[in-house]
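Just follow the structure's listing: the first ligand is 1, and inside any ligand the first atom is 1.
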Amino acid sequence: MSAIQNILKETFGFNEFKPGQEQVITNLVEGYSSIAIFPTGAGKSLCYQLPSLLESGMTLVISPLLSLMKDQLDFLKSKNISAAKLDSGMSTDDYKNTLQAAKNGNLEILLIAVERFKNERFRTQLKQMNVSLLVVDEAHCISEWGHNFRPDYLKIPKFAKEFNIPKVLLLTATATTNVLADMCKKFDIPKESVFQTGFFRKNLFLRVHAVTQKHKDAHLLKVLSGKPHGAVIVYVTQQKTAEYVAGMLNENGINAKPYHAGMESELRDSIQNLFMSGEINTVVATIAFGMGIDKKDIRKVIHYDLPKSIESYSQEIGRAGRDGQPSLCCLLGNKDSVPVLENFAYGDTPEYSNIRQVLELIKSTEGNLFEVHPYRLSKISDIRLLTLKTLLVYLELAKIISPLYTFFESYTLKFLTSSEDILSNFKNERKEFVKTILNNCKTARTWTTVDIEKIVIESGSKRQRILTALEYFDEKSWIILRPKTSVDVFEITHKEFDIDSTARELATLFLQKEEKDISRIHSLIDFFEKDQCLARNLSAYFGENLQENCNRCSVCLNKAPTHLPFTELPDLKQFDYETLVRPLLDKADTTLSVNQITRFFCGIATPRLVQYKAKQMAGFSKLAAYNYKAVKEWVQSHKSS
Ligand code: ADP
Ligand code: MG
């Protein structure tokens, strides 16, 4: 028996590999970076859990779902594999102990969120760790072509180089051809190291039901009462819908619980546990639910609202029937929410003038260090935070700026012992240095702020030395150190750009992105309305060609496509523009563009609208059910008249 088969049996207690696992693991163990594209539930995690035991160094896992990793850590613990996660929610002691274990080589696996790399403290510590494998979970986040694009993920290839991590493993359940090409290119992984298993699961019965908004509740009750009986997830888009639907089900004698990010985490955990143990059968959840859970006998996944994309749909239905038993995946579909989905895309597109503002700021910066306080810049430029991050990445790609590091502008600390006691541990030059630090600590009630800049000037020492000293105090438990506002520092690599044309080019990039996002929504609708086997079509979307139709989806059974209904809305003309817009105009300190006013009516909160407390005005979100472009035309007609 080979070494890896031995570990599979002895350590993990599994009899055989699931499809694809052995190939990925062998490739990794032979020293090659790899990509594994398996559907949800197919066992991607084992592809690094097993090799981590054969590596000389630690395996570092980047996951966007850190808060949902409890099950995985419990699983590893039960197999006697030392694993931990680092997140901002943990206590100082836990954090410190985990870092120490990682540095001492006592951890096989460490889970982190990508943001951790920005943390100056963590970066310093990471240099002292021996990491031999970097794993990127949900690796499709790296591609702008995929759903859930996360700008920070674009920097992971650079981190791998910076920290000398010799191998990477990319894991995802959903990679379209474009996304896969992107992943290969960014990490320099050849085709031979890409392992993909089929998407088709014959025990899933895909159904699309045309249901008007008015009839949804009744229809949901009907689907719930039908076969197969067992555990159910009902997916909704908004938190308030989760609450509403769960309440409605309870009124109808079904013990359902809501689950969404707006709930206390303790309550959420307890609901998850009750669901896992089978004490409650039905959870009405936003997409926050299900990512970390691994329940094999989910019999129904019902979409009460449209999913966000085909990728999300495939992931969400993938939680049904992991035991291989017949399971129902049912969409209660209509097009009423399409404008709301579209508004997410429209809300993200910054205007030419906003982009200009950022460019002007770069140009007028003295020297070549560009310091970004994300919240502040978001407010100044009226660009939403996530979009601003994307803009910064575009500027990086245009070689105008290049990221250097992120630091915490300020640290706060709490003394656990007196300054005199701390000082008594040092002599000579060090004592002087420590004295300068302590002299520049200002204590309010309990917390103390450190003026690092001033210490730099007074002591003539580098920032890094001061931080190392503070770290040391913290390690010795003389103080508790807490980072505060973060600042991203970029080097301005090219300042001679032309503001007009550059702003125009960037605005075009964002418009193209908007178009991509909008067309993604339309392909989602097309997908559900097409005259083709749903299962076959879904597989094709992810690059797998099935030879036959599934013969069990609603298209195959009805021998006809489903037409999704749309509830007609009253004409925009009946709304009183002047009255609705007045409170906003009264509050605004500058003239507002057509887009800004349109966003107001469509319920898209930009930083400036937040500043004006627009949410409290009657007109805000008044026309959220309408198509953005139609609202924009309506606004335009009133503005120009
Ligand atoms: P994914 O990340 O691909 O969605 P996971 O890695 O969470 O899937 O694995 C899903 C489940 O399959 C887990 O409970 C895991 O323990 C189990 N599993 C993984 N590999 C095997 C195997 N070779 N044999 C049996 N069960 C396995
Ligand atoms: Mg997983």
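Counting only residues at least two apart or on different chains, the salt bridge (Lys or Arg N to Asp or Glu O under 4.0 Å) pairs with a member in residues 151-174 are E55-K167, K118-D152, R123-E162, D152-K155.
Looking only at side-chain heavy atoms (C-beta outward), F200 and K202 come within less than 4.5 Å of each other. Between L111 and L73, the closest side-chain pair of non-hydrogen atoms falls below 4.5 Å.
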Pairs under 3.5 angstrom, nitrogen or oxygen on both sides, ligand 1 versus protein: list them out, please.
from     : atom 1 : to   : atom 2 : distance (Å)
ligand 1 : 3 (O)  : G43  : N      : 3.2
ligand 1 : 3 (O)  : K44  : N      : 2.9
ligand 1 : 3 (O)  : K44  : NZ     : 2.8
ligand 1 : 4 (O)  : G41  : N      : 2.6
ligand 1 : 6 (O)  : K44  : N      : 3.3
ligand 1 : 6 (O)  : S45  : N      : 2.9
ligand 1 : 6 (O)  : S45  : OG     : 2.6
ligand 1 : 8 (O)  : G43  : N      : 3.2
ligand 1 : 14 (O) : D294 : OD2    : 2.4
ligand 1 : 20 (N) : Q21  : NE2    : 2.9
ligand 1 : 23 (N) : E16  : O      : 2.9
ligand 1 : 23 (N) : Q21  : OE1    : 3.0

Pair up each side-chain donor or acceptor in residues 27-36 with any protein partner under 3.5 Å, not counting sequence neighbours, and list the distances.
from : atom 1 : to   : atom 2 : distance (Å)
N27  : ND2    : S34  : OG     : 2.9
N27  : ND2    : S193 : OG     : 3.1
S33  : OG     : V168 : N      : 3.0
S34  : OG     : Y32  : O      : 3.0

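Salt bridge D517/R520: present, at least one basic N to carboxylate O contact under 4.0 Å.
Not a single salt bridge (charged side-chain N to carboxylate O under 4.0 Å, His left out) links E243 to another residue, sequence neighbours left out.
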